[in-house]
Amino acid sequence: MPTLNIIQAVNDALRQEMRRDPTVVILGEDVGKFGGVFRASQGLQEEFGKDRVIDTPLAESGVIGTAVGMALYGLRPVPEIQFADFIFPAMDQIVSEVAKFRYRSGGQYTCPMVIRTPYGGGIRGGHYHSQSPEAHFIHTAGLKVVVPSNPHDAKGLLTSAIRDPDPVLFFEPKRMYRAARGEVPDGEVVVPIGKARVTREGRHVTLIAWGAMWHEADQAAREAADLGIECEVLDLRTLQPLDIDAIVESVQKTGRAVVVHEAPRTCGFGAEISALIQERCFLHLEAPVARVTGFDTPFPYTLESEYLPRAPRILKAVREVMAF
Amino acid sequence: MPTLNIIQAVNDALRQEMRRDPTVVILGEDVGKFGGVFRASQGLQEEFGKDRVIDTPLAESGVIGTAVGMALYGLRPVPEIQFADFIFPAMDQIVSEVAKFRYRSGGQYTCPMVIRTPYGGGIRGGHYHSQSPEAHFIHTAGLKVVVPSNPHDAKGLLTSAIRDPDPVLFFEPKRMYRAARGEVPDGEVVVPIGKARVTREGRHVTLIAWGAMWHEADQAAREAADLGIECEVLDLRTLQPLDIDAIVESVQKTGRAVVVHEAPRTCGFGAEISALIQERCFLHLEAPVARVTGFDTPFPYTLESEYLPRAPRILKAVREVMAF
Amino acid sequence: MTDPVNVPGRWEREFPLQTVIEEDGSADPARVTLTDAKALDLFRWMILSREMDERMVQLQRQGRIAFYIGAIGEEATVLGTVAGMEERDWLFPSYREHAGALYRGMPFVTFVCDLLGNAGDRMLGHQMPCHEAWAPGRFVSISAPIATQVPQAVGAAWAARIRGDDMVSLTWFGEGATSANDFHTGANFAGVHKVPVIMVCRNNGWAISVPRELQTASETIAQKAVAYGIHGERVDGNDLLAVHAATQRARVRAASGLGPTLLECVTYRVEGHSTSDDPRAYRGAEEVDAWRDRDPILRLGRYLTWRKLLPPDEVEALRAEARERIRRAVEDAETFAPKPSIQTLFQGVYAEPLWQQREQLDELRAAVAEDPRTSHPR
Amino acid sequence: MTDPVNVPGRWEREFPLQTVIEEDGSADPARVTLTDAKALDLFRWMILSREMDERMVQLQRQGRIAFYIGAIGEEATVLGTVAGMEERDWLFPSYREHAGALYRGMPFVTFVCDLLGNAGDRMLGHQMPCHEAWAPGRFVSISAPIATQVPQAVGAAWAARIRGDDMVSLTWFGEGATSANDFHTGANFAGVHKVPVIMVCRNNGWAISVPRELQTASETIAQKAVAYGIHGERVDGNDLLAVHAATQRARVRAASGLGPTLLECVTYRVEGHSTSDDPRAYRGAEEVDAWRDRDPILRLGRYLTWRKLLPPDEVEALRAEARERIRRAVEDAETFAPKPSIQTLFQGVYAEPLWQQREQLDELRAAVAEDPRTSHPR
Ligand SMILES: Cc1ncc(C[n+]2csc(CCOP(=O)(O)OP(=O)(O)O)c2C)c(N)n1
Ligand SMILES: Cc1ncc(C[n+]2csc(CCOP(=O)(O)OP(=O)(O)O)c2C)c(N)n1
Ligand SMILES: [Mg+2]
Ligand SMILES: [Mg+2]
């Protein structure tokens with residue numbers, strides 16, 4: 001089995017789905033001849049031509065707006081937003097149009113598409129190349145939200161997302177693009193949307209993370225083990241729909257939970273997970289659900305190591321939850 | 001003391017602040033000659049002229065984008081977004097620019113402004129004239145978020161917001177525009193940002209609401225009283241910064257909390273409040289914090305009564321929390 | 001006669017107002033693109049549209065529907081464009097082109113059910129009145145946010161070209177919409193990729209209370225085409241023959257690979273913006289009265305009279321016929337239950353409801369069972 | 001000589017490329033708007049800009065700064081425009097106009113501290129390199145999202161007019177930015193309200209890997225002015241004298257109440273988009289080489305030589321002087337601590353930190369105290 005990084009896995013999924021389904025098209029800024037600034041679509045314009053791998057003018061609202069029209073007409077567009085930070089010019093098309101087309105037309109029109117975008121910090125990008133805006137889209141009914149943490153899931157989830165009948169926001173952890181490497185089967189890989197993965201079993205605390213933060217949570221769990229604390233680690237993989245059963249099952253066992261995300265704490269997805277856990281596991285909880293998150297500031301440049309929730313801060317939360 | 005409705009109170013605050021401070025200007029679609037589609041700026045262009053009450057072209061990103069420039073230069077703009085549902089074309093200017101100007105320039109430039117916008121359902125507006133998008137802005141560090149529920153607070157909070165050094169999103173409960181009436185002093189009224197109001201004392205359950213939902217919570221509390229359940233009701237008034245002390249004090253007393261909001265449940269502000277309460281009142285809680293909210297769908301047209309959290313559903317949650 | 005299709009790559013520097021029907025009702029036959037039968041048919045449609053708009057405003061005043069927004073005075077722009085397209089072409093409406101939906105086969109009763117948001121509503125009561133969709137007629141779902149349909153129309157036409165289909169899409173929007181982000185990106189993308197789309201601006205002089213002069217400083221809307229390197233034309237939007245001819249010309253251009261057209265139709269919003277609006281607060285009666293004389297129905301009527309196709313009492317007969325159709329549609333629509341069932345709340349958000357939506361439906365059902373006020377209007 | 005200020009309300013239908021410096025370095029004195037001293041001064045600035053860009057790219061390659069984006073080949077556009085404005089005018093940069101910040105008095109060492117994001121950084125380490133702000137010089141904070149500064153520049157100029165100040169604002173952006181929403185709304189608002197703003201498009205041929213032809217189908221960028229009813233001009237952006245003259249003209253127009261100008265400066269991005277880019281993946285060397293010959297510094301040098309202001313070995317001397325200034329700035333900047341203090345994380349988000357920010361600072365401090373890895377780079 002070949003060893004790929006996340007960018008290669010994304011590229012692989014795109015290529016396979018484009019071969020399988022002639023309606024799949026890619027569009028976005030720099031995605032064509034250049035193959036994308038992170039090279040996710042490298043080589044695809046050569047293979048599939050300029051009609052299916054399209055360099056667009058510089059306007060995210062146009063990228064998504066035209067993708068809506070393509071999807072309505074029966075294509076399966078996979079627009080790229082160059083950095084998740086630049087999704088806001090397309091917010092109206094996503095929130096008002098993509099998310100509501102099926103609903104508002106009583107099911108007469110649908111616009112399935114996969115909006116791929118690199119997100120997250122740790123690449124010295126400052127606040128316009130590091131944000132994690134997933135909460136905005138989880139809060140918008142009509143959208144699904146997927147975040148892989150490793151090459152295998154990147155390929156498998158992207159494949160599922162492209163085949164999904166609903167629009168999907170696909171956030172790729174850019175810090176792990178080349179850092180996360182792993183074996184990925186050559187042929188079709190399908191990882192179902194809506195299923196979390198228990199990556200480590202444990203009976204003391206449940207660590208809940210996704211994307212790049214899963215790697216930090218995993219590291220914290222290893223260090224906790226040295227202290228005799230057994231963490232169960234969940235890689236959510238899909239944020240909407242959330243795998244609530246996996247969370248409840250784990251927390252009912254451990255009685256403790258720590259949620260980790262990069263986005264600012266207030267109104268981040270950690271709040272929703274915390275609320276859901278206390279609604280469903282109230283009598284099992286030994287300690288409050290803890291949140292280890294980005295701070296309530298824009299993403300900083302120089303002090304990004306301090307800003308990002310990393311293993312030491314997660315470990316600290318684990319110990320505090322255990323000591324509660 | 002004159003009796004005003006919310007629209008009149010808003011108009012009154014705008015007029016007084018414009019008289020007091022020559023840098024205050026209003027801009028937006030239909031706000032000038034017409035005085036706004038809800039008539040919030042009625043009569044102001046006549047009094048202050050076309051330079052200070054400006055009818056703009058139809059582009060929310062332009063309304064906010066030019067307001068940023070005005071604020072940088074030293075004016076105090078009060079842009080209006082005609083309906084909160086139409087704020088999304090301006091999302092990039094708000095999230096990337098308004099919220100980050102002070103931070104990114106190391107405090108060299110600031111752009112204080114008050115973005116006024118009617119929000120919420122119950123006016124047969126369907127999903128493009130009924131939404132409550134506050135969570136998006138609470139999640140965006142750099143912004144303050146204010147929601148009055150009555151004419152007095154509308155005047156007092158808007159006055160504070162206009163004088164505030166930070167940008168403020170000012171959400172006005174349009175369903176209560178004319179329905180909520182009350183006495184409002186003629187002269188200066190200042191209600192501080194960041195302070196909730198306990199509108200009813202009680203020892204069994206804390207009801208937390210804001211804007212139009214405060215009226216439903218209040219109604220539910222009255223009905224609960226008939227059942228012998230004493231609710232303490234909080235009108236938050238400011239969502240960011242949240243008056244955490246008022247919440248914690250109340251819930252530590254009652255041991256139970258129900259949060260009410262119109263926005264969809266998942267990743268709504270109720271999740272944050274629920275998470276904060278269990279983080280801070282864990283050992284005081286007798287039951288999980290309950291959420292009575294809009295559902296995870298776009299805002300509907302015909303079934304809006306069913307969709308909106310109203311007194312009966314709040315009362316049901318109160319009884320369930322009591323019975324836990 | 002010169003080729004109606006312009007030289008590719010050349011952009012126009014003058015945008016004269018094109019008319020076909022003269023003051024006295026005559027027209028140069030060489031410039032008429034409609035058969036007599038078709039012209040008469042469209043006259044009938046214009047009358048239906050007008051009668052419908054007037055009736056629906058009445059129903060709104062009576063409280064039987066909550067909201068209405070119509071096209072009084074703009075019928076030639078709406079019907080001239082839709083009639084200039086092929087059946088297979090997709091239409092991306094703004095919110096005044098209901099006649100287009102009906103023309104494309106949406107049953108009248110279905111349209112009225114949408115206005116009522118009742119159990120017969122094809123949109124399941126999800127949308128406000130006047131935000132209909134009719135997929136069998138390729139009439140795309142109406143949105144409220146201004147101009148979002150423009151890049152969508154571009155995307156659909158682009159997709160058709162990618163698939164090799166001879167389909168040209170058409171989108172309507174107001175002159176106010178040309179200030180919006182999406183007009184800009186739609187037109188720009190269409191220009192770069194020579195997408196077969198027709199962008200029809202119903203320049204009706206007003207965007208709610210904002211007059212044309214406060215919307216943009218360009219002398220015409222058509223000249224905005226220059227910014228995108230695309231073809232622009234400007235026609236009298238109250239002259240059905242002019243609108244139809246320009247639409248057909250634009251369709252030929254688009255289908256021949258010569259790219260998009262921005263078609264400005266100069267017309268006027270004779271009534272308030274919608275039933276929520278009172279235009280007396282911001283504009284004078286004289287302006288409106290001047291436009292009443294330029295009524296597009298009278299205009300086409302004069303042409304038909306000149307062509308000897310319209311006997312003197314025919315108009316009244318057509319009106320009566322239209323009113324009868326409307327009466328029946330309203331009557332039929334009102335036989336449906338006033339509300340769709342409660343589960344429609346969660347229907348169509350996703351292909352399949354999410355777990356929390358299923359829970360929320362149960363929650364709501366329990367609440368309704370416990371206290372019927374839960375589903376009562378305030 | 002004709003009045004340089006155009007007739008109001010008239011829009012141009014031709015946008016010829018305007019030049020002042022001829023191939024041989026000569027120029028028609030009637031069209032030169034710079035004194036010899038000023039021209040020489042700007043030549044010095046162009047050399048400083050070039051040397052700085054080259055040096056900073058080196059520092060990035062050495063890992064001493066993380067990122068750099070410069071203006072190699074576009075110096076005449078940047079410096080010709082800034083020099084054409086008054087000191088009191090506000091500048092709204094994109095991200096290649098660092099020479100403008102320095103010209104407006106930002107200390108060189110402060111600029112380098114911004115690149116390092118160290119304790120001397122005026123932006124408190126909050127922003128990426130090359131996103132400086134310098135309020136004392138009315139050089140507004142640089143953003144990354146494309147074109148957001150355009151309506152902001154319009155708003156500031158509008159505010160100045162409302163307050164009665166004689167202030168014209170100027171904003172720079174690339175030709176890619178003309179596709180963005182905010183270019184459109186900024187230009188449109190400026191047109192309707194005749195705002196005294198100059199919108200300078202650095203048309204450098206590329207937006208990262210996207211060539212001009214895939215950005216817009218309009219033959220020129222200047223003609224986009226037609227869409228907004230504003231004045232448009234097109235100049236050779238590598239000809240400092242042409243850029244300066246056009247800027248001054250536009251400033252006179254704006255200050256006289258004649259409204260905004262869209263000024264297209266035709267230039268070329270000779271290097272990669274930024275240090276993160278490798279342009280060999282998408283464009284050929286021949287195209288680049290052709291532009292190297294049209295270098296704006298050589299061009300102004302030929303003019304100065306023609307004016308007998310530039311002895312043969314002067315250029316090398318100026319270069320050496322610039323390099324020395326840069327060397328000292330880097331040296332001084334590197335004396336600051338590599339990181340600002342931890343509380344700067346929470347500084348300047350609001351006027352006063354919120355309670356949760358104070359808690360989070362305490363939380364972070366405790367975490368760092370407990371495990372120093374918390375603040376170590378990965
Ligand atoms: C993004 C957005 N902003 C504001 C509105 C409110 N609004 C509805 S219609 C309208 C005016 C539209 O004018 P125009 O485009 O000229 O179309 P017309 O109504 O004249 O046909 C406005 C401001 C909206 N629907 N969407
Ligand atoms: C909204 C947004 N989308 C995408 C980007 C990524 N990006 C940075 S620069 C750039 C190209 C800009 O080209 P142009 O406007 O021509 O300016 P130039 O770099 O040539 O000076 C892109 C796409 C961005 N910064 N902001
Ligand atoms: Mg209009
Ligand atoms: Mg460029």
Side-chain angles (χ1 to χ4, degrees), chain A residues 29-37 39 42 50 54-62 82-83 85-86 88-90 92 122-130 175 179 223 264-266 292-313 315-317 319, chain D residues 66-67 116-118 121 123-129 131 143-148 174 176-182 207-211 214-216 273 276-277 281-282 338-340 342 344-349 354 356-357 360-361 363-364 366-368 370-378:
Chain A
E29 298 155 11
D30 304 292
V31 301
K33 184 157 189 194
F34 192 33
V37 296
R39 324 310 296 272
Q42 196 165 17
K50 288 190 183 177
I54 305 167
D55 276 318
T56 69
L58 204 173
E60 288 74 15
S61 57
Q82 200 163 88
F83 283 83
D85 314 75
F86 303 139
F88 297 110
D92 191 45
I123 59 144
R124 311 216 65 187
H127 45 265
Y128 295 122
H129 299 83
S130 305
R175 180 163 73 82
E223 298 184 17
R265 183 167 310 163
T266 298
V292 183
T293 66
F295 300 119
D296 284 336
T297 75
F299 199 100
Y301 173 68
T302 307
L303 297 175
E304 70 170 339
S305 300
E306 287 79 354
Y307 181 90
L308 279 171
R310 293 189 304 150
R313 266 171 64 206
L315 184 62
K316 182 167 184 288
R319 283 164 46 215
Chain D
F67 172 86
L116 296 165
N118 67 13
D121 179 12
M123 271 57 69
L124 306 176
H126 289 171
Q127 272 264 39
M128 269 179 85
H131 290 70
S143 190
I146 293 293
T148 50
T178 64
S179 298
N181 298 338
D182 282 337
I208 309 185
S209 75
V210 179
L214 289 182
Q215 201 58 250
T216 174
H273 171 74
S276 310
D277 184 40
Y282 53 78
K339 281 186 178 188
I342 222 167
T344 58
L345 260 182
F346 297 91
Q347 218 170 302
V349 186
L354 309 185
Q356 70 261 43
Q357 296 181 305
Q360 289 166 10
L361 175 58
E363 202 180 303
L364 176 59
V368 174
E370 201 168 286
D371 188 339
R373 288 183 307 158
T374 303
S375 63
H376 289 175
R378 209 167 309 276

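Protein chains get the first letters and strands the later ones, always in sequence-line order, with residue 1 at the start of each. Source: prediction; values computed, not measured.
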Trainee: In terms of heavy-atom pairs under 4.5 Å, which option from D/Q127, D/E363, D/Q357 contacts chain A the most?
Mentor: D/Q127

Trainee: Could you tell me which portion of D/L124 (side chain, backbone, both or neither) has an atom closer than 4.5 angstrom to a non-hydrogen atom of chain A?
Mentor: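 It is neither, since no heavy atom gets under 4.5 Å.
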
Trainee: Does A/R319 come within less than 4.0 Å of D/E370, counting only side-chain N to carboxylate O?
Mentor: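 Yes, this pair counts.
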
Trainee: Could you look at D/Q356 and say if it's the side chain, the backbone, both or neither that has a heavy atom under 4.5 Å from chain A?
Mentor: side chain

Trainee: Considering only heavy atoms, which portion of D/P338 lies under 4.5 Å from any heavy atom of chain A: side chain, backbone, both, or neither?
Mentor: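 Contact with chain A involves the backbone of D/P338 alone.
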
Trainee: Between A/F88 and chain D, which part of the residue has a heavy atom less than 4.5 Å away: side chain, backbone, both or neither?
Mentor: neither

Trainee: Look up atom CZ in D/R373 and atom CG in D/D371, then write down how far apart they are to the nearest 0.5 Å.
Mentor: 4.5 Å

Trainee: So for A/T56, is it side chain, backbone, both, or neither that comes closer than 4.5 Å to the heavy atoms of chain D?
Mentor: backbone

Trainee: For D/D182, is it the side chain, the backbone, both or neither that has a heavy atom under 4.5 Å from a heavy atom of chain A?
Mentor: neither

Trainee: Test your reading of the model: is there a side-chain donor-acceptor pair from A/D55 to the backbone of A/G32, 3.5 Å cut-off?
Mentor: yes

Trainee: With only heavy atoms counted, which part of D/I146 is less than 4.5 Å from chain A, the side chain, the backbone, both or neither?
Mentor: side chain

Trainee: Please look at A/Q42 and chain D and tell me whether the side chain, the backbone, both or neither of the residue comes under 4.5 angstrom of a heavy atom of that chain.
Mentor: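 For A/Q42, no heavy atom lies under 4.5 Å from chain D.
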
Trainee: Just by distance, do the side chain of A/E29 and the backbone of A/A59 share a donor-acceptor pair under 3.5 Å?
Mentor: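 Yes.
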
Trainee: Strictly by modelled atom types, are A/D30 and D/S209 linked by a side-chain donor-acceptor pair under 3.5 Å?
Mentor: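 Indeed, the side chains of A/D30 and D/S209 share at least one donor-acceptor pair under 3.5 Å.
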
Trainee: Give a yes or no on whether the backbone of A/S305 and the side-chain of D/H376 come within a donor-acceptor separation of less than 3.5 Å.
Mentor: no

